[in-house]
Amino acid sequence: MKKLMNDPENYVNEMLEGIYLTHPDQLTFTGNDLRCLVTVTKTEGKVGIATGGGSGHLPLFLGYVGKGMLDGCCVGDVFQSPSADQMLEVTKKIDSGAGVLYIYGNYNGDIFNFDMAAEMADMEEGIRVEQVVAGEDVASPPAKDGGKNTRRGVAGIFFVYKCAGAAAASGKDLSQVKRIAEKAASNVRTIGVALTPCTVPRVGHPGFAIAEDEMEVGMGIHGEPGIRRGKMETADQITEEMVDKILKDISYEPGDETAVLVNGLGATPLDEQYIVARKVHQILKEKNIGIHRCYVGEYVTSIEMAGLSISLLKLDEELKGYLDAPADTPFFKQIKNGE
Amino acid sequence: MKKLMNDPENYVNEMLEGIYLTHPDQLTFTGNDLRCLVTVTKTEGKVGIATGGGSGHLPLFLGYVGKGMLDGCCVGDVFQSPSADQMLEVTKKIDSGAGVLYIYGNYNGDIFNFDMAAEMADMEEGIRVEQVVAGEDVASPPAKDGGKNTRRGVAGIFFVYKCAGAAAASGKDLSQVKRIAEKAASNVRTIGVALTPCTVPRVGHPGFAIAEDEMEVGMGIHGEPGIRRGKMETADQITEEMVDKILKDISYEPGDETAVLVNGLGATPLDEQYIVARKVHQILKEKNIGIHRCYVGEYVTSIEMAGLSISLLKLDEELKGYLDAPADTPFFKQIKNGE
Amino acid sequence: MNQQELIAMLGRISKIMEENRDYLIELDSVVGDSDLGLTMSDGFRSAYDSVSDGMEPDLGKLLYKAGKTMGNKVPSTMGTLMAAGLMRAGKVLKGKMELTDKDVVSLFQAYKDGVADLGKAKLGDKTFLDGFQPGIDRLAAGVNAGISLEMALQEAADAAWAGFENTTSMVAVHGRAATRGEASRSLRDPGAAVGALIMKAVAKR
Amino acid sequence: MNQQELIAMLGRISKIMEENRDYLIELDSVVGDSDLGLTMSDGFRSAYDSVSDGMEPDLGKLLYKAGKTMGNKVPSTMGTLMAAGLMRAGKVLKGKMELTDKDVVSLFQAYKDGVADLGKAKLGDKTFLDGFQPGIDRLAAGVNAGISLEMALQEAADAAWAGFENTTSMVAVHGRAATRGEASRSLRDPGAAVGALIMKAVAKR
Ligand SMILES: Nc1ncnc2c1ncn2[C@@H]1O[C@H](COP(=O)(O)OP(=O)(O)O)[C@@H](O)[C@H]1O
Ligand SMILES: Nc1ncnc2c1ncn2[C@@H]1O[C@H](COP(=O)(O)OP(=O)(O)O)[C@@H](O)[C@H]1O
Ligand SMILES: [Mg+2]
Ligand SMILES: [Mg+2]
Ligand SMILES: [Mg+2]
Ligand SMILES: [Mg+2]
């Protein structure tokens with residue numbers, strides 16, 4: 001492991017200090033706690049949206065706090081949930097009377113702590129809180145009939161933020177913003193492929209090993225095991241397998257429209273991400289599925305893992321409208337067409 | 001080497017196909033040659049700005065073609081210059097009567113080919129072309145007194161694009177745009193540190209070796225040797241050495257202002273880049289040098305090299321104005337404050 | 001058990017987690033995200049540190065405070081569950097300045113209830129509970145049968161460890177390991193190891 | 001030298017670059033960016049392919065076309081310089097359908113001039129020229145002295161190779177190697193190797 005860092009114990013806090021020094025006009029923190037990020041521009045009467053989760057995924061989570069996206073975010077240590085107290089702190093700061101929506105990934109630690117925070121917000125502060133848990137990794141098992149979602153939340157949460165954020169910015173109320181977030185969450189599917197492991201700074205060695213000529217299809221963003229490990233294949237072959245897995249999981253009719261996210265996990269160059277994006281375009285074109293928007297880049301990483309993920313968001317007119325809305329956060333800017 | 005690619009021979013062209021499929025509303029190509037990129041929105045009467053160079057540095061070069069930045073770009077194979085014919089093709093397409101400025105890095109192959117293209121544009125097409133060659137790596141030797149610039153061009157070229165692009169967008173004429181580009185080029189300084197090598201896809205193995213506990217300070221973006229190789233140090237120590245080298249090379253007085261670019265080379269997580277940005281802020285604050293803007297992220301990469309570079313652009317009021325102007329390219333968007 | 005003994009017990013738990021930091025990282029790296037060694041050693045250390053000054057005479061409040069501190073320090077799955085366990089134990093023992101043997105049994109039963117209520121896992125789901133509850137059950141049985149607390153705790157520790165080892169007969173249905181389905185069976189559950197280590201530390205006095 | 005022989009000579013240059021692809025990559029990886037083996041084998045191959053059909057009877061135009069093609073195919077430092085060399089040779093020999101021994105000498109001298117004019121390097125600057133010009137000089141001397149072209153070329157090839165080996169006595173002042181300053185001295189120059197390889201391929205007929 002070679003990392004540009006000081007004491008691994010300070011990895012997250014020093015990263016956060018760098019963030020605040022670099023983006024003072026967009027981000028600040030609350031409760032005297034660097035890990036409780038909030039936007040500097042609070043809009044009265046707007047539904048607040050908060051997220052949170054472990055560090056090690058930049059620009060997720062905190063990078064999406066800003067105009068048209070999120071209002072606040074708690075981050076924990078690398079791959080660790082922040083605490084319920086921290087989430088409550090952020091909730092208090094971003095509520096402006098219209099209530100707060102939590103959007104976060106489907107992980108035990110996060111669920112436990114967001115649940116506790118929501119209860120405290122209600123009991124102690126009288127703030128109405130709703131929750132949407134995003135889990136869309138088709139490499140993890142789907143819910144047993146009627147049971148709760150058992151899938152890992154990965155890069156697709158970006159689309160949930162984008163749509164919910166735009167809905168809140170447009171003045172929708174809490175139940176509407178929740179409905180739209182749920183619609184995005186239930187229409188997105190993701191699958192990843194990992195080529196190398198990643199190292200939690202405080203652990204100091206990779207979380208798993210993978211041979212020089214191997215890849216793991218379906219690996220999670222913390223190194224959770226995937227569907228199969230095998231010899232490296234061509235980008236086209238891998239992309240076909242991945243898109244195929246997604247399309248087997250959610251039905252698209254010819255003529256349907258989708259948004260694509262090709263997401264680098266950390267060490268894979270943009271070149272390779274575009275080589276994969278090219279193949280995604282070709283496959284979807286062949287199936288007569290329209291691509292309304294395509295995003296390529298690092299949106300949700302796994303520290304310095306090599307590999308990438310593909311997410312598809314099935315669109316209707318409502319989601320398209322929210323997806324197209326402008327946004328301005330430290331890590332994601334979308335300028336409205338024609339502006 | 002593990003890369004998500006197909007035949008290495010098609011690496012660049014397939015990457016480009018992915019780019020055009022993903023950004024059809026911003027980029028297209030000319031002369032039936034994928035490697036001759038131009039913006040889709042030509043502004044009559046505006047000075048055209050073209051750049052070019054080898055692939056393997058995304059988002060450099062082509063990622064900065066768009067509003068407020070560049071009009072056209074030629075890319076070659078990985079780490080190889082594009083040809084004079086290609087540059088001529090782009091030049092013809094982007095000229096709208098006000099002439100064209102070439103901005104490119106200080107490398108032999110690029111110089112030879114841009115020189116030839118400029119001559120052809122003048123002789124064959126009657127297009128006025130001016131050139132600014134950017135070379136600011138303080139780890140490479142400075143010009144011998146009065147001689148031409150012998151420094152490698154690295155990440156600092158981003159600032160040259162930004163300022164020249166804003167000047168051209170504001171309607172300045174060719175000689176003014178050139179003057180501003182030169183001002184930016186002569187006031188920027190960069191130094192990098194590499195932790196791992198990178199692999200040219202068609203070569204198939206790393207260009208050099210570096211031990212698991214070593215780093216190389218001053219390495220160039222194609223793996224050119226740096227100033228010293230040594231044991232890994234803390235982020236704070238490395239940052240101090242790097243900033244020190246820059247400040248020894250260009251004088252800043254207390255009260256001067258600068259723009260900072262902390263640039264990831266490919267495999268180094270954003271977390272680590274921010275840990276370094278934090279230290280840069282601390283050092284400059286101590287010296288009473290004001291940071292007008294700070295950019296952190298991957299702006300100029302070396303395929304999948306781990307490491308980063310630090311660039312400082314010494315500012316005056318004129319450069320500040322151009323730096324603050326909005327921009328909208330596939331890879332770089334800046335929204336004007338208060339918009 | 002008096003205040004000093006209770007604090008010492010928390011100290012032993014903290015120590016055993018530190019000693020097993022790499023072991024837990026190792027176990028978690030096979031099924032999860034490798035952090036368990038960090039969260040358990042940091043978490044129980046912070047729990048212990050928050051009460052080691054002996055300023056809190058109410059042993060219920062003491063446990064509650066230790067739990068609250070741990071929850072803020074390491075809010076991972078296991079960190080939060082352990083915090084919930086300590087806090088529940090604190091609620092149940094609130095007001096006591098000294099614990100009888102039966103109180104000690106209550107402490108661990110409440111701990112387990114706190115974990116089970118937040119996590120909603122059942123015995124056999126291959127979680128912390130499977131490395132903890134067998135110990136609690138044996139402890140209760142021993143104390144009820146009138147053997148010495150020391151001996152009951154020793155037997156409890158052995159039972160807990162056997163419970164942990166026995167997780168290789170179970171399929172995970174919660175947390176990261178659950179995504180492996182049947183493939184999780186052959187693996188030992190890291191959270192159950194924590195349960196067994198707690199019982200081991202408690203017994204070793 | 002007739003058209004077929006000239007084309008065959010270009011074919012041999014292409015072949016030697018292919019055979020030395022990894023060797024040149026190796027040399028360039030020490031001082032530069034590792035691409036020289038790729039650019040030289042791709043470039044001379046494209047130069048050869050563009051004229052191998054024998055449709056161009058004017059040997060000057062043939063060389064010019066080969067150079068132009070190479071410049072478009074591999075516009076790196078050396079690719080562009082080699083293109084400039086071929087194009088200059090083409091200009092000088094324009095109109096000839098057959099080359100005398102003196103013309104062959106002119107060909108290589110023009111080639112060298114094309115490279116020198118674009119690159120502005122001097123002998124001793126540790127470039128292509130240092131592995132090429134010693135060969136040309138010997139070739140000219142041999143032909144002037146009246147020895148057979150075959151023997152003159154063989155002597156030229158040996159002189160060129162010695163020139164290449166001798167680059168370890170020079171400090172680079174151009175291109176990527178120049179940033180190493182004095183440290184570049186002990187290294188053999190990759191571009192000079194190309195110069196020597198060209199002469200070797202030319203001699204081997
Ligand atoms: N619902 C649950 N109830 C009890 N224990 C659980 C539950 N879910 C997971 N666990 C335990 O948590 C352990 C993993 O803890 P931890 O490493 O903190 O998880 P994570 O890193 O995924 O947040 C598992 O081995 C399991 O024993
Ligand atoms: N100005 C010059 N004139 C002649 N040869 C040069 C000049 N500059 C560099 N060279 C040669 O070019 C070689 C490197 O070529 P190449 O690998 O194509 O460069 P790059 O990859 O940097 O574009 C050097 O070894 C040197 O011999
Ligand atoms: Mg965890
Ligand atoms: Mg090159
Ligand atoms: Mg874990
Ligand atoms: Mg080279």
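Quick note on labels: first sequence line is chain A, next is B, and so on, each numbered from 1.
Residues satisfying the side chain to side chain contact (heavy atoms under 4.5 Å, CB included) criterion with Ser52(C), sequence neighbours excluded, are Ile7(C), Tyr48(C). Take Asp58(C) and apply the side chain to side chain donor-acceptor pair (under 3.5 Å) test, not counting sequence neighbours, and it matches no residue. Residues passing the side chain to side chain contact (heavy atoms under 4.5 Å, CB included) test with Ala140(C) are Val105(C), Gln109(C), sequence neighbours excluded.
For a residue to count as touching a neighbouring chain, one of its non-hydrogen atoms must lie under 4.5 Å from one of that chain's; by this rule Val74(C) touches chain A with backbone and side chain alike. Only the side chain of Ile25(C) comes within contact range of chain A, with heavy atoms under 4.5 Å apart.
Counting non-hydrogen atoms of other residues, nucleotides and ligands closer than 6.0 Å to NZ of Lys96(C) gives a total of 12 or fewer.
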Output all donor-acceptor pairs under 3.5 Å across chain C and chain A; consider backbone as well as side chains.
residue: Asp42(C); atom: OD1; partner: Arg202(A); partner atom: NH2; Å: 3.2
residue: Asp42(C); atom: OD2; partner: Arg202(A); partner atom: NH1; Å: 2.9
residue: Asp42(C); atom: OD2; partner: Arg202(A); partner atom: NH2; Å: 2.7
residue: Asn72(C); atom: OD1; partner: Ser83(A); partner atom: OG; Å: 3.2
residue: Asn72(C); atom: ND2; partner: Asp85(A); partner atom: OD2; Å: 3.0
residue: Pro75(C); atom: O; partner: Ser81(A); partner atom: OG; Å: 3.4
residue: Pro75(C); atom: O; partner: Asn113(A); partner atom: ND2; Å: 2.8
residue: Thr77(C); atom: OG1; partner: Gly109(A); partner atom: N; Å: 3.1
residue: Thr80(C); atom: OG1; partner: Asn113(A); partner atom: ND2; Å: 2.9
residue: Arg176(C); atom: NE; partner: Glu224(A); partner atom: OE2; Å: 2.6
residue: Arg176(C); atom: NH2; partner: His222(A); partner atom: ND1; Å: 3.1
residue: Arg176(C); atom: NH2; partner: His222(A); partner atom: NE2; Å: 3.3
residue: Thr179(C); atom: OG1; partner: Arg152(A); partner atom: NH1; Å: 3.3

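Nearest heavy-atom pair, Pro82(A) versus Pro75(C), reported as atom, atom and distance to 0.1 Å: O-CB, 3.1 Å.
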